[in-house]
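See below for the structure under consideration.
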Amino acid sequence: MAGSSSVSPTPLLKDELDIVIPTIRNLDFLEMWRPFFQPYHLIIVQDGDPSKKIHVPEGFDYELYNRNDINKILGPKASCISFKDSACRCFGYMVSKKKYIYTIDDDCFVAKDPSGKDINALEQHIKNLLCPSTPHFFNTLYDPYREGADFVRGYPFSMREGAQTAVSHGLWLNIPDYDAPTQLVKPRERNTRYVDAVMTIPKGTLFPMCGMNLAFDRELIGPAMYFGLMGDGQPIGRYDDMWAGWCIKVICDHLGLGVKTGLPYIWHSKASNPFVNLKKEYKGIYWQEEIIPFFQSVTLPKECTSVQQCYIELSKQVKDKLSNLDPYFTKLADAMVTWIDAWDELNPTGEGLAKLSIANGPAK
Ligand SMILES: O=c1ccn([C@@H]2O[C@H](COP(=O)(O)OP(=O)(O)O[C@H]3O[C@@H](CO)[C@H](O)[C@H]3O)[C@@H](O)[C@H]2O)c(=O)[nH]1
Ligand SMILES: [Mn+2]
């Protein structure tokens, strides 16, 4: 028998997944990820000064958008894309044409598991997304679909098919994603705990979604992954991913979709300045004491069957119920609608495509 060729297997979802990277620094971190990321297409969202040249290491297939590109593509709707905040990354979700998205920060590196093996975070996220979630009944052995695990006694057989997984939320070794006050009182705290688990966040439970190591099914939940109005000109920053996480979770709960958290870990290398962070996030720290009860009380009408419909309904409730907290939420609610309009313009569905073809006349 001829010797087996050492052809490496085709990377999972090679042509169905884009990697979105927001950057206001540089992309040197990609060298460490090259073995895992090189087969995939990158969407780089360059924040800050558009005249700055961002070097992309050789050998990567990518598209890069700076603020001028965003303004050109979206026109007036570009007002919904934040400037000078990692929230800008959501533009990458909008322009992608792929079914899956993985987003990672430029100060996140390959971590090692307890055996010392490099962790292919992207591969683990893909596994998380491709297997079901259990939002409706908690499995005490965590992810029942994982090698070596299963549903435990008492788990209803009628529920063992699980739900489609919309989001996979990864974690971080070394610098944990702490808020500024915690960072200030624990400047030397490092996360060294590798917890070997993936679990579904139960229906009806919110969670603090961090955007630095995150993957999602763009076709299931993409239109709700808006990272809000943050950074330049806004009264708040560093709540981009938190806002998106609360919105996607209530919509996933409504649509019967699952959200997982746990593996994979990345190595988060840079602690941003806690004083700068405090200035950005302090309003969020007290606003969230009102925002969380709002999201906990959100109910979406059964007529809302698409993500867009859910998101527009949510924006109405944000405007009605949070504007008394601060006029910012009126602006944010309007920006949520602009985001959906821009998303639908760039990603026309059946109905939208039909309108487009009428507008453009019969094919030549
Ligand atoms: O104005 C900006 C600032 C940063 N970026 C890019 O966004 C990510 C995250 O930046 P950084 O590592 O400095 O931020 P952290 O404090 O570690 O993490 C926060 O960022 C979010 C998670 O992604 C969340 O708000 C916090 O966890 C890097 O790629 C920067 O280059 C930017 O584009 N514009
Ligand atoms: Mn960081």
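Just follow the structure's listing: the first ligand is 1, and inside any ligand the first atom is 1. FYI, side chains are in, hydrogens and waters are out, and symmetry mates aren't considered; it's all heavy atoms of this structure.
Rounding to the nearest 0.5 Å places CD of Q183 at 9.0 Å from CG of D177.
The OD2 atom of D107 and the NE2 atom of H268 meet at the Mn ion (ligand 2) at an angle of about 90°, given to 10°.
Checked options D107, D106, D105, L173; the residue passing with S269 is D107 (criterion: side-chain contact (heavy atoms from CB on, under 4.5 Å)).
Listed by atom number, the atoms of ligand 1 under 4.0 Å from R89 heavy atoms are 22 (C), 23 (O). If you number the atoms of ligand 1 from 1 as listed, the ones under 4.0 Å from a heavy atom of D107 come out as 12 (O), 17 (O). Each of the atoms 1 (O), 2 (C) of ligand 1 lies under 4.0 Å from some heavy atom of K84. Heavy-atom contacts of D177 reach the following atoms of ligand 1: 26 (C), 27 (O) (cutoff under 4.0 Å). Listed by atom number, the atoms of ligand 1 under 4.0 Å from H268 heavy atoms are 17 (O). Within ligand 1, the atoms closer than 4.0 Å to a non-hydrogen atom of D241 are 21 (C), 22 (C), 24 (C), 25 (O), numbered from 1 in the order shown. Ligand 1 places these atoms under 4.0 Å from at least one heavy atom of G211: 23 (O).
Nearest non-hydrogen protein atom to atom 10 (O) of ligand 1 is R25 NH2, 3.8 Å. The protein non-hydrogen atom at the shortest distance from atom 26 (C) of ligand 1 is R238 NH1, 3.6 Å. For atom 7 (O) of ligand 1, the closest non-hydrogen atom of the protein is S86 CB, 3.0 Å. Summary of contacts: the protein heavy atom closest to atom 4 (C) of ligand 1 is I24 CG2, 3.9 Å. Protein heavy atom closest to atom 2 (C) of ligand 1, with residue, atom name and distance, is D47 OD2, 3.5 Å. Looking from atom 25 (O) of ligand 1 to the surrounding protein, the closest heavy atom is D240 OD1, 3.1 Å. Residue, atom and distance of the protein heavy atom nearest to atom 6 (C) of ligand 1 are P22 O, 3.8 Å. Distance from atom 9 (C) of ligand 1 to its nearest protein heavy atom, with residue and atom name: D105 OD2, 3.1 Å.
Side-chain contact between S133 and M199 is absent, with no heavy-atom pair separated by less than 4.5 Å. Between H136 and T134, every side-chain heavy-atom pair lies at or beyond the 4.5 Å cut-off.
Contact between Q46 and ligand 1 is absent, with no heavy atom of the residue lying under 4.0 Å from the ligand.
In terms of polar-atom proximity, N277 is not counted as a contact of ligand 1, lacking any N or O under 3.5 Å from an N or O of the ligand. In terms of N/O distances under 3.5 Å, ligand 1 is not approached by C88. Between K280 and ligand 1, a contact under 3.5 Å exists for no N or O pair.
With respect to the salt-bridge test (charged N to carboxylate O, under 4.0 angstrom), the residues E16 and K99 do not qualify. Between D85 and R238 there is no salt bridge, since no side-chain nitrogen of the basic residue lies less than 4.0 Å from a carboxylate oxygen of the acidic one. Here D47 does not pair with R89 in a salt bridge; the nearest charged N to carboxylate O distance is not below 4.0 Å. Salt-bridge check for K316 with D320: failed, with every basic side-chain N at 4.0 Å or more from each acidic carboxylate O. Salt bridge D217/K98: absent, no basic N to carboxylate O contact under 4.0 Å.
Between Y328 and W287, a ring centre-to-centre spacing shorter than 6.0 Å is recorded. If you look at F151 and F157, their ring centroids are not closer than 6.0 Å. You'll find the ring centres of F227 and Y93 inside the 6.0 Å limit.
Residue contacts with ligand 1 for I21 are absent, since no atom lies close enough (heavy atoms, distance under 4.0 Å). Residue contacts with ligand 1, taken as heavy atom pairs separated by less than 4.0 Å, involve S272 solely via side-chain atoms from C-beta onward. Residue-level proximity to ligand 1 for D106 is carried by backbone and side chain together, each with a heavy atom below 4.0 angstrom.
Atom NZ of K279 has 12 or fewer heavy atoms from other residues, nucleotides or ligands within 6.0 Å.
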- request: Determine, stepwise, if the pair L257 / T165 fulfils side-chain contact (heavy atoms from CB on, under 4.5 Å).
  value: CA-CA 6 Å; L257 300 171; T165 301; over 6 Å; no

